[in-house]
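In what follows, a structure is listed as C-alpha cells, so that the remarks can point back to it.
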Amino acid sequence: MLKKCTFLFCLFLLTLTACFPGYAGEPAGPGTSALPSARSHGRLLTGTENTGSLLVPAFVRFEAGEILRFSSTGEYYRFFEEYLIQYRLEDLKGGYVLKGQALSIPEERKYDREAVRLAILERFPPAEDPDPRQTIDEVCRQIRDTIRYDKAASGLTVKEALDAGKGVCWHYVKIADVVLEQAGIPTEIIHGSARGIPHMWLKCRTGDQEILADPQTGILPAPDYDAWYLPYPYLKVLRQNPLSQTAP
C-alpha cells in the first residue's frame, strides 16, 4: 500500500481549491521581461536540462534576486506554483511577500541550488543503461533503497533528507527529477493524489513515449495509474503557502 505523505504536504496540496485567472498580459513595470505562458497540465514542453517548464528563465532570475512584476494575482499564483513544484530544490515552505505587484526572494529563502543538485548527483550518479525505461526504474529503486520513508522528515530540506537518509514523497520526487534530467530523460513533476492521499510523481519523456513513475514504487502500469492516481490541474490557489500583500 502506498505510504501516506506527510501532514505538511497534505495541508499544502489539499488546499488547492479555488481557481484564479490565468496570465493577463505583460508583467508591469521596468526591469522584467514578459513571463511566458506556462505549459498546460500534463504536457512536457522543452525548457532546460533542469525542467520542462517554459518559466525556467523567470525561476532563475527570481532565485538570483531579481524583482519580478505581475499584472494579476492569478499570474503570481501560476508562476509560484510551478516554481515551488517544478524548480525549487530546497523546500516547499511559504513565507514569500508580494509587495504590490513585485516579488523578490526573501533572504531567508535563498539557497545554493547548484550545490543541492550536485549533492544529489554525488549520492545518485545517473545510470548508464541504454534503455531509458530501465534507467527510470533503477533510479526509483536506488532512491527508495537509500532514502527511508519517514513522515516525521517532512520539514527537512532536500540536502538534510540526503544527509539523514530519510524523507517523504516530495523529497523522493525532487531527487529523482534531478537524476533523470542529468541522465538525459526530460521530466515533469506531477502533483495530485494517490489512493486519495496528496502525492507527487513523475512524467518522463523518452522519444515519443511518456512514462509515468512514482519513485516510491517504480514505473506505474497504466491500470494502476488510472485507478489510483489523480493529477491536480495547475492554476489553483496555494492558500497554505502564505501570500502577504503589502502596499507598493
Next on the checklist: I'd like to know whether R141 forms a salt bridge (charged side-chain N to carboxylate O under 4.0 Å, His left out) with E138, so could you lay out the CA-CA distance, the side-chain angles of the two residues, the decisive distance to 0.1 Å, and finally the verdict.
Outcome noted: CA-CA 5 Å; R141 184 196 65 76; E138 178 63 15; 2.5 Å; yes
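- Across all their heavy atoms, T135 and A183 have their closest contact at CG2-CB, 4.2 Å.
- Connection of L118 to V158 is not established within any shared hydrophobic cluster, with ILVMFWY side chains joined at heavy-atom distances below 4.5 Å, either directly or through further cluster members.
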- Chi angles and distances behind the side chain to side chain contact (heavy atoms under 4.5 Å, CB included) call for F79, L103: CA-CA 11 Å; F79 165 85; L103 177 73; 4.3 Å; yes
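- Between the W201 side chain and the P231 main chain, no donor and acceptor come within less than 3.5 Å of each other.
- To the nearest 0.5 angstrom, K99 atom NZ is 11.5 Å from R69 atom CZ.
- With R109 contributing its side chain and E90 its backbone, the two residues share no donor-acceptor pair below 3.5 Å.
- A pairwise comparison of heavy atoms in S71 and E75 identifies N-OE1, 2.7 Å as the closest pair.
- Between I136 and A213, the closest heavy-atom pair is CG2-CB, 3.7 Å.
- Taken to the nearest 0.5 Å, the SG atom of C140 stands 11.5 Å off from the CD1 atom of I175.
- For the side-chain contact (heavy atoms from CB on, under 4.5 Å) test with F124, the passing option among L162, V178, V139 is L162; the others fail.
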Exercise for review: Determine, stepwise, if the pair L212 / Y229 fulfils side chain to side chain contact (heavy atoms under 4.5 Å, CB included).
Suggested key: CA-CA 10 Å; L212 295 159; Y229 286 75; over 6 Å; no
Original post:
Going through the checks in order, is the side chain to side chain contact (heavy atoms under 4.5 Å, CB included) test met by D214 and H199?
Top reply: CA-CA 9 Å; D214 183 342; H199 197 51; 2.8 Å; yes
For W170 and H191: C-alpha separation, side-chain torsions, deciding distance, then whether side chain to side chain contact (heavy atoms under 4.5 Å, CB included) applies. CA-CA 9 Å; W170 77 265; H191 66 131; over 6 Å; no
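- A perpendicular orientation is assigned to the rings of Y96 and Y83, their planes being inclined by more than 60° (bins at 30° and 60°).
- Between the K174 side chain and the I85 main chain, a donor and an acceptor come within less than 3.5 Å of each other.
- In this structure, the side chain of H171 does not engage the main chain of I147 through any donor-acceptor pair within 3.5 Å.
- R88 forms no cation-pi arrangement with F62, by the criterion of a distance under 6.0 Å to the ring centre and an angle within 45° of the ring axis.
- Contacts of R133 classified as side chain to side chain donor-acceptor pair (under 3.5 Å), with partners at least two apart in sequence or in another chain: none.
- A donor and an acceptor atom, one from each side chain of Y111 and E63, are located under 3.5 Å apart.
- When all heavy atoms of R144 and Q216 are compared, the pair lying nearest together is CD-O, 3.4 Å.
- Two different hydrophobic clusters hold V116 and L156 under the rule that ILVMFWY side chains link at heavy-atom gaps under 4.5 Å.
- Here the straight-line distance linking atom CZ of R148 with atom CG of D150 works out to 5.0 Å at 0.5 Å rounding.
- No more than 12 heavy atoms of other residues, nucleotides or ligands lie within 6.0 Å of CD in E122, so this atom counts as exposed by the packing criterion.
- Pairing each heavy atom of G65 with each of I105, the nearest pair is CA-CG2, 4.3 Å.
- To the nearest 0.5 Å, the span separating OG1 on T157 from CG on L92 amounts to 11.0 Å.
- Between V179 and L121, the closest heavy-atom pair is CA-CD2, 4.0 Å.
- Each of E82, K203, M200 was scored for a side-chain contact (heavy atoms from CB on, under 4.5 Å) with I189, with one residue passing: M200.
- When hydrophobic clusters are built by joining Ile, Leu, Val, Met, Phe, Trp and Tyr residues whose side-chain heavy atoms come closer than 4.5 Å, directly or via intermediates, I219 is grouped together with L202.
- Expressed to the nearest 0.5 Å, how far CD1 of I211 lies from SG of C204 amounts to 6.5 Å.
- By the criterion of side-chain heavy atoms lying less than 4.5 angstrom apart, applied directly or through intervening Ile, Leu, Val, Met, Phe, Trp or Tyr residues, V60 is grouped together with L89 in one hydrophobic cluster.
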